[in-house]
Amino acid sequence: MNPLTLRYLIDFAYLVAIVLFILALRWLSSPATARRGVLAGEIGAALAVLATLANPEIVAYKWILVALLVGAIIGIPLGLVPMTAVPQRTALSHAFGALSAALIGIAEYYVRAPHITKFGMTEISMEVIIGGLSFTGSLIAAGKLQELLPQRPITYRGQNVVSLSVLGAAVILALILIFHPGDTFLFPWMVAVSLFFGVLLVTPIGGADMPTVISLLNSYVGLSAALLGFVLNNKVLIVAGALDGSSGFILSVIMCRAMNRSFTNVMFGAFGQVQASAVTAAESRTVRSATAEDAATLLGAANTVIIAPGYGMAVAQAQHKVRELFDVLTKRGVDVKFAIHPVAGRMPGHMNVLLAEADIPYDKLLDMDAANPEFPQADVALVIGANDVTNPAARTEPGSPIYGMPILDVDKARTVMVIKRSLSPGFAGIDNPLYYLDKTLMLFGDAKTFVGDIVRELTGGHTA
Amino acid sequence: MPAHFISSVYVFVLAGFIGFEVIKHVSRLLHTPLMALTNALDAVVVVAAIIIAGRAQTPLSMILGLVAVAASFSNMVGGFLITDRMLRMFKLSRQKKP
């Protein structure tokens, strides 16, 4: 084939891939069409890969096939992880995405250096710095989510000054390289400093902020892919990167709004390290606790029950027991719904996936805006493993660290039941006045066991 | 400034705009699958990795390129796989077995 014709055909295949990518995201607007979206994405991606393999510049076919095979061998198990491991898997895939973008940028640099234009060097250094910091940042996030690293924020005095100086050093190295392209020995240093900055960026951030951090890293990975598209003049990379970047950005904004916090506060605020003063105030107040039998009686007699799940439900692996409870109550004619706070869990949409996996129909999953008007009509609000997102102090106590954060109005239900291991404050270390309300019953115990006990009471000793 | 820069900026701005408009309408239920899917789509950097490894200009560029091929292709395969697994789980009440 005429090389020019082939070139056009490849470009045309890329264009079709881009259109399919956009359609893929568009079809995610409803669970009913979403799987069609995945198929569109798959066809688009396959088309882009096949078109690239037809590129006559490629000589090392054998090795590429080996690398593709290795990628598939790593990728398939990562696609089959249990739903509870999805947050860490996502962080790991961000790390892989950032790694490949950074490596390609580095390879391109060494192919061109030292005969590299100022403009080209600017693009490459931006790409490599963002790719590098997203790589290590995502690895740290994955380590925290997998609990290989402590989930509590790790902080020290002057941390932000140190972190920003490291970023500054990376930028200065990039500037030197732009104006003195001959100083190639500085390039590995720039890479190393960016990698180090990624570690510093994510280490101080606590587990409760992971939904925002993971979204923000998602956005950076997209940005690094788009920048790589600028470096290599490849439009399909620019489009995919821009789509990924805007998706991550929108999710970060949603997460920040759901916590009433700014990006800067999430990144540099080290949320939830010391709230000792708020915790001590709890001692004098009394709580009402109840048994599984009491809870079963109340739930069985209710017309409407709204369940508010949180990360604790995922930790206790209680979602399948919750499904049994849902089935038993539904069979008795009780209207059971789920109220899902945007930051419940460790990544955007985490609770929806866990509940869908447990076979809860998605029309029973309400987001915060849909759920809140329903609480005043609910007989029982059952809180399972959620804490801060149900804390009425966010509405009433201007001094509280979470004041102003939108919450699930569980306290407006006739009765509130909270399944919790103990009265210890939640992840953010903030006391929850919900537990001391007259209408609140505390159900102390492991979420999975306790929900199982309630189900047994409701079915008269037989498990559902 | 290379000649293609301006057209790249055009593409980036327009794609970002389309991204905002399309993703704004993604169901709130599906934010986890959204992140998994955009991850898989972003893995199209494998295209650039294949080119840089395939040209084999220097041993270093080839090795880095091949690592990038494996890393991004694993995202592509794993990303589509897990997105589809997640989406298969979302069912309506009436679609459920009795």
Side-chain angles (χ1 to χ4, degrees), chain A residues 21 25-26 28-31 34-35 38 41-42 45 48 52 57-60 63-64 67-68 70-72 74-75 78-79 90 93 96-97 99-101 103-104 107 110-111 119 222 225 230 232-236 238-240 242-244 246-247 250 348-349 352-353 356-357 361-363 367, chain B residues 1 4 8 11-12 15-16 18-20 22-23 25-32 34-35 37-42 44-45 47-50 52-57 60-61 64-78 80-84 86-87 89-93 96:
Chain A
F21 287 178
L25 294 172
R26 202 182 121 38
L28 276 191
S29 58
S30 151
R35 287 192 67 199
V38 179
E42 284 167 349
T52 308
E57 290 175 76
I58 292 170
V59 288
W63 287 107
I64 286 172
L68 287 173
V70 171
I74 302 170
L78 281 175
T90 306
S93 69
F96 281 178
L99 174 69
S100 64
L103 288 180
I104 299 165
Y110 282 109
V111 168
F119 195 84
F230 277 89
L232 304 172
N233 185 26
N234 186 322
K235 304 287 189 276
V236 75
I238 297 178
V239 174
L243 293 175
D244 194 30
S246 50
S247 167
I250 288 177
N352 297 302
V353 169
E357 186 199 21
Y362 68 79
D363 45 329
D367 66 29
Chain B
M1 196 188 295
H4 61 74
S8 293
V11 171
F12 179 72
I18 292 173
F20 271 101
V22 170
I23 285 149
H25 294 108
V26 167
S27 164
R28 289 216 161 194
L29 291 167
L30 301 181
H31 280 165
T32 301
L34 167 67
M35 207 180 266
L37 183 66
T38 51
N39 236 301
L41 299 183
D42 188 71
V44 81
V45 291
V47 160
I50 291 173
I52 202 131
R55 277 179 189 158
Q57 281 156 297
L60 181 71
S61 76
L64 295 180
L66 287 173
V67 176
V69 169
S72 47
F73 196 62
S74 79
N75 262 357
M76 191 175 265
V77 173
F80 283 124
L81 194 61
I82 200 157
T83 313
D84 198 54
M86 287 193 268
L87 293 173
M89 301 179 323
F90 281 86
K91 295 183 200 85
L92 281 170
S93 313
K96 268 189 75 189

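In what follows, every chain begins at residue 1, and chains take the letters A, B, ... in the order their sequences are listed. Predicted, not measured: the structure shown is a model, and the values here were computed from it. The figures that follow rest on heavy atoms only: side chains count, while hydrogens, waters and symmetry mates do not.
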Please find the pair of heavy atoms, one from [X] and one from [Y], that lie closest to each other, and give the distance.
| X | Y | result |
| --- | --- | --- |
| B/Leu29 | A/Pro31 | CD1-CG, 3.9 Å |
| A/Gly97 | B/Asn75 | N-ND2, 3.2 Å |
| B/Val69 | A/Ala67 | CG1-CB, 3.6 Å |
| A/Ser29 | B/Ser27 | O-CB, 3.3 Å |
| B/Gly54 | A/Ile64 | CA-CD1, 3.5 Å |
| B/His4 | A/Phe230 | CE1-O, 3.8 Å |

If you count heavy-atom pairs within less than 4.5 Å of chain A, which of [options] leads?
| options | result |
| --- | --- |
| B/Met86, B/His31, B/Met76, B/His25 | B/His31 |
| B/Asp84, B/Val22, B/Val77 | B/Asp84 |
| B/Leu60, B/Thr83, B/Val26, B/Val67 | B/Val26 |

Part of [X] lying under 4.5 Å from any heavy atom of chain B:
| X | value |
| --- | --- |
| A/Phe119 | side chain |
| A/Asp367 | side chain |
| A/Thr90 | both |
| A/Leu99 | side chain |
| A/Leu232 | side chain |

I'd like to know which of [options] tops the heavy-atom pair count under 4.5 Å against chain B.
| options | answer |
| --- | --- |
| A/Ala60, A/Ala48, A/Ala101, A/Ala225 | A/Ala60 |
| A/Arg26, A/Arg35, A/Glu357 | A/Arg35 |
| A/Leu78, A/Leu103, A/Asn233 | A/Asn233 |
| A/Gly41, A/Ala34, A/Gly349, A/Ala356 | A/Ala356 |
| A/Val70, A/Val239, A/Ile74, A/Val353 | A/Val353 |
| A/Ser246, A/Ala242, A/Gly222, A/Gly71 | A/Gly71 |

Open item on the list: Angle between ring planes, A/Tyr362 versus B/Phe90, binned at 30° and 60°: parallel, tilted or perpendicular?
Closed with: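 Aromatic pair A/Tyr362/B/Phe90 classed tilted.
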
- [ ] Return yes if some donor-acceptor pair links the side-chain N/O of B/Thr32 with the main-chain N/O of A/Pro348 below 3.5 Å, else return no.
- [x]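 The answer is yes, because a donor-acceptor pair under 3.5 Å joins these two groups.
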
Nearest 0.5 Å please: distance from the [atom1] atom of [X] over to the [atom2] atom of [Y].
| X | Y | atom1 | atom2 | answer |
| --- | --- | --- | --- | --- |
| B/Leu30 | A/Ser30 | CG | OG | 7.5 Å |
| B/Ile52 | A/Ile58 | CD1 | CD1 | 11.5 Å |
| A/Ile104 | B/Ser61 | CD1 | OG | 11.5 Å |

Chain A heavy atoms under 4.5 Å from [X]: which part of the residue, side chain, backbone, both or neither?
| X | answer |
| --- | --- |
| B/Ala48 | both |
| B/Leu37 | side chain |
| B/Ile50 | both |

- [ ] Report the C-alpha distance between B/Leu41 and A/Asp244 in whole Å, list the side-chain angles of each, state the deciding distance to 0.1 Å, and finish with yes or no for side chain to side chain contact (heavy atoms under 4.5 Å, CB included).
- [x] CA-CA 8 Å; B/Leu41 299 183; A/Asp244 194 30; over 6 Å; no

Task: Among B/Leu87, B/Ile82, B/Leu81, side chain to side chain contact (heavy atoms under 4.5 Å, CB included) partner for A/Val38 - done: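 That would be B/Leu87.
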
- [ ] Evaluate the side chain to side chain contact (heavy atoms under 4.5 Å, CB included) criterion for residues A/Leu243 and B/Thr38: first the C-alpha distance (whole Å), next the side-chain angles of each, then the deciding distance (0.1 Å), finally the verdict.
- [x] CA-CA 7 Å; A/Leu243 293 175; B/Thr38 51; 5.7 Å; no

